[in-house]
Amino acid sequence: MIRLEKKGRNPFIVYGEEKSIEEQLRRNILLTTVDAMLKWSRRNSLWPLPLGLACCAIEMMGAFFARYDMARFGFEVFRFSPRQADLMIVAGTVTRKMAPIVKRLYDQMSEPKWVIAMGACAMAGGPYNSYAVVQGVDNLIPVDVYVPGCPPRPESLIYGIMKLREKIKQEREAKIL
Amino acid sequence: MKREFEKDTGVKTDIIELNMGPQHPSTHGVMRIILELDGEVIVKATPVIGYLHRGTEKIAENRAYYQVVPYTDRLDYLSPMSNELGYVMAVEKLLGVEVPLRAQYIRVILAELARIASHLVWLGSNANDIGAVTVFLYAFREREKIYDLLEAISGQRMNNAFLKIGGLAGDLPEGWIDGVRKFIKEFPEKLKDPDGLLTKNRIWRERTEGIGIIPRDLAIDLSLTGPPLRASGVERDLRKDTPYLVYDELEFDIPVETAGDVYARYLVRMEEMRQSVRIIEQAIEKLPGGPVLIDDYKIVPPPKDKVYRDIPELIHHFKLISEGFHPPEGEVYFAVEAPKGELGYYIVSDGSNKPYRLRIRPPSFVNLQALEYILPGHLIADAVAIIGSLDPVFGEVDR
């Protein structure tokens with residue numbers, strides 16, 4: 001739990017006459033658990049790795065741009081390098097040829113990491129029940145949130161990420177490696 | 001470069017291999033290029049494709065004709081309507097039917113809207129790759145308006161599956177034409193934003209002029225189509241050369257440039273968007289009334305009220321939904337001018353309710369082979385501009 005003095009003045013500045021040492025400590029120290037602190041900071045700045053594979057990538061871009069503007073929620077920092085990202089958005093069909101690369105990208109991400117399967121193809125193969133398509137990215141990597149649709153609307157993706165935030169909030173203990 | 005350096009310094013250097021993609025923001029999907037580099041200059045480029053091969057053609061062999069339409073949407077997912085158009089018109093050619101005039105005009109409007117939508121993504125992503133991020137925001141602002149229009153008729157923003165074999169899935173909703181009219185009235189004005197940012201921008205021109213030149217002969221030899229061909233000085237556009245739908249009744253120009261570089265392809269596509277606006281304007285003016293579906297109940301399902309009342313219509317409906325129709329035996333090839341170039345469908349029918357073979361001729365796949373020829377001699381940074389200017393979409397390249 002984070003306790004912030006909300007009434008009016010900035011808790012980090014001592015105004016006017018000098019306060020007693022207890023008073024100053026009360027105003028300058030936040031008491032919380034490491035878990036809560038980590039979870040709070042993690043869920044408010046998710047950096048996605050946009051793994052745009054097919055049609056869903058276009059809607060993912062749509063969610064990023066002006067009309068839907070994911071930046072409002074603090075996860076607009078798209079990182080194309082897996083090393084800098086903590087959320088992988090698998091948007092599109094994962095084919096057998098692409099599967100090892102998806103797995104490798106996931107492995108290259110540093111912990112803690114989460115995965116969103118965006119669209120029917122990433123969830124379960126979608127309409128492509130063929131020799132070339134992996135029937136769901138959860139055959140390769142663990143998935144936290146599934147966003148259905150073909151392709152899902154940008155609102156759906158944003159809702160999915162909000163659900164992921166709830167999930168991170170409810171984790172019993174924050175993952176620390 | 002390598003030789004000079006070795007001569008000057010006496011230090012032996014080597015060619016290095018750099019793997020670009022398949023997960024790379026500027027490969028427009030999942031392409032991989034193996035670049036052999038001498039310093040920063042590309043000596044050899046080998047594109048590797050197939051990372052989005054979904055087996056569309058094989059799947060189509062196990063689906064009734066009308067069930068293939070949604071799969072065609074997902075080929076070139078920047079302009080689903082053009083893909084559907086090519087497929088449904090190929091099947092209609094096989095069946096020997098002609099759709100009502102109103103449906104033809106609406107198809108023209110939708111195909112041109114798809115062209116604008118596709119070119120907008122190209123404009124945004126190509127500019128973004130070179131470093132002009134703002135243009136992407138302008139492009140998507142306009143694209144969202146097209147999404148709204150498509151959503152109003154089909155209920156989905158992308159992958160609409162709105163065209164049917166024999167016409168359209170429904171008539172236009174009330175007020176839709178006014179929406180299109182408003183869009184095309186505003187669009188040329190709005191296009192001036194990216195135009196003003198790029199066309200005379202010195203950085204943009206330095207980065208694009210003289211880069212990735214495809215000579216006219218090479219373009220013909222590689223059988224390129226669409227904007228890359230027209231930017232190399234060949235005036236070929238299926239809408240003019242083999243008119244389909246009602247394109248021969250509409251006035252429009254084919255923009256042609258002769259330089260063949262990235263800048264020329266940019267100019268061609270920008271002008272094509274303006275010409276599409278012209279086409280839509282005329283199509284709206286000439287839009288006739290009448291039905292949007294043929295009334296052959298062997299091919300299109302009868303209207304619902306008839307299905308509920310009459311036994312023959314009910315049987316037709318049941319047969320169509322459970323089995324589909326049986327076109328005559330034969331082969332057919334039909335191509336439309338998709339935003340990326342000539343999109344052709346070759347269908348072999350053995351008289352059953354499923355295509356015996358469906359072969360798709362994707363324009364991006366054919367255009368992409370130019371990379372191998374034009375990349376050598378350029379810097380790595382130019383490779384990004386060149387890939388963007390060819391506008392490949394991998395749903396279509398790999399099928």
Side-chain angles (χ1 to χ4, degrees), chain A residues 49-69 71 78-82 85 88 90-106 108-109 119-121 125-135 149-156, chain B residues 21-30 32 48-63 67-68 70-71 73-80 117-118 121 124-125 128 133 136-145 147-148 151 156-159 161 393-396 398-399:
Chain A
L49 165 75
L51 196 60
L53 302 173
C55 334
C56 290
I58 306 297
E59 287 296 66
M60 186 167 63
M61 277 150 61
F64 177 67
F65 286 118
R67 183 179 289 190
Y68 295 97
D69 194 13
F78 277 6
R79 293 287 122 169
F80 288 94
S81 161
M88 186 189 222
V90 185
T93 319
V94 183
T95 57
R96 283 183 200 276
K97 189 166 178 178
M98 196 65 194
I101 294 143
V102 175
K103 179 77 171 68
R104 173 186 268 199
L105 285 169
Y106 178 77
Q108 283 176 340
M109 286 165 69
C121 290
Y128 294 99
N129 187 6
S130 81
Y131 57 89
V133 176
V134 177
Q135 300 297 306
C150 190
R153 297 174 60 93
E155 291 101 323
S156 313
Chain B
Q23 199 268 334
H24 187 280
S26 302
T27 52
H28 293 239
V30 283
R32 174 174 166 219
V48 182
I49 58 168
Y51 288 98
L52 193 54
H53 176 67
R54 309 191 267 201
T56 308
E57 291 177 359
K58 193 70 194 169
I59 290 173
E61 290 169 18
N62 295 301
R63 298 283 187 278
Q67 290 174 320
V68 181
Y71 287 97
D73 275 332
R74 287 154 182 80
L75 290 172
D76 173 4
Y77 38 80
L78 300 180
S79 57
S118 168
V121 174
S125 52
N128 187 28
V133 184
F136 219 150
L137 297 169
Y138 283 134
F140 255 75
R141 180 188 65 191
E142 298 311 306
R143 207 176 137 86
E144 288 289 343
K145 292 175 190 166
Y147 276 153
D148 284 347
E151 194 181 353
Q156 203 176 359
R157 286 155 54 89
M158 281 171 68
N159 299 352
V393 170
F394 282 83
E396 187 176 78
D398 298 336
R399 303 188 290 291

**Item:** From SG (A:C55) to CG (B:L52), nearest 0.5 Å
**Value:** 7.5 Å

**Request:** Could you tell me whether the side chain of A:S130 and the main chain of B:R54 form a donor-acceptor pair under 3.5 Å?
**Result:** yes

**Under 4.5 Å from a heavy atom of chain B, the part of A:Y68 involved** = side chain

**Item:** chain B interface, residue from A:A132, A:C121, A:A99 that has the most non-hydrogen pairs under 4.5 Å
**Value:** A:A132

**Request:** Among the options A:G149, A:P154, A:A66, pick out the one with the most heavy-atom pairs lying under 4.5 Å from chain B.
**Result:** A:P154

**Complete:** All heavy atoms of B:K145 vs all of A:R67, minimum pair found to be N-NH2, 4.2 Å

**Asked** Considering all heavy atoms of both residues, which atom of B:F140 and which atom of A:I58 are nearest to each other, and what is their separation?
**Response** CE2-O, 4.1 Å

**Prompt:** Contact part of A:Y131 toward chain B, heavy-atom cut-off under 4.5 Å: side chain, backbone, both or neither?
**Reply:** side chain

**Request:** Mind listing the closest non-hydrogen atom pair of B:V30 and A:G52 along with its distance?
**Result:** CG1-O, 4.4 Å

**Message:** Can a donor-acceptor pair be found, under 3.5 Å and without considering hydrogens, that links the side chain of B:Q156 to the backbone of A:C150?
**Reply:** yes

**Prompt:** If you take all heavy atoms of A:L53 and B:Y77, which pair is closest and at what distance?
**Reply:** O-OH, 4.2 Å

**Prompt:** What part of B:E151 is in contact with chain A, defined as an atom under 4.5 angstrom from a non-hydrogen atom: side chain, backbone, both or neither?
**Reply:** side chain

**Prompt:** Is it the side chain or the backbone of B:V48 that comes within 4.5 Å of chain A heavy atoms, both, or neither?
**Reply:** side chain

**Message:** I'd like to know which of A:P50, A:G62, A:A57 tops the heavy-atom pair count under 4.5 Å against chain B.
**Reply:** A:G62

**Request:** Select one option (side chain, backbone, both, neither) describing which atoms of B:L75 are under 4.5 Å from chain A's heavy atoms.
**Result:** neither

**Asked** Sub-3.5 Å donor-acceptor pair from the side chain of B:Y71 to the main-chain atoms of A:P127, do we have one?
**Response** yes

**Item:** Contact class of A:A54 relative to chain B, heavy atoms under 4.5 angstrom
**Value:** both

**Request:** Please round to the nearest 0.5 Å and tell me the distance separating atom CZ of B:R143 and atom CZ of A:F65.
**Result:** 11.0 Å

**Fill in**
Assert top hit (heavy-atom pairs under 4.5 Å, partner chain B, pool A:N129, A:I101, A:V102) equals A:I101

**Request:** Would you give the length of the straight line joining atom NE2 of B:H53 to atom NZ of A:K97, rounded to the nearest 0.5 angstrom?
**Result:** 10.0 Å

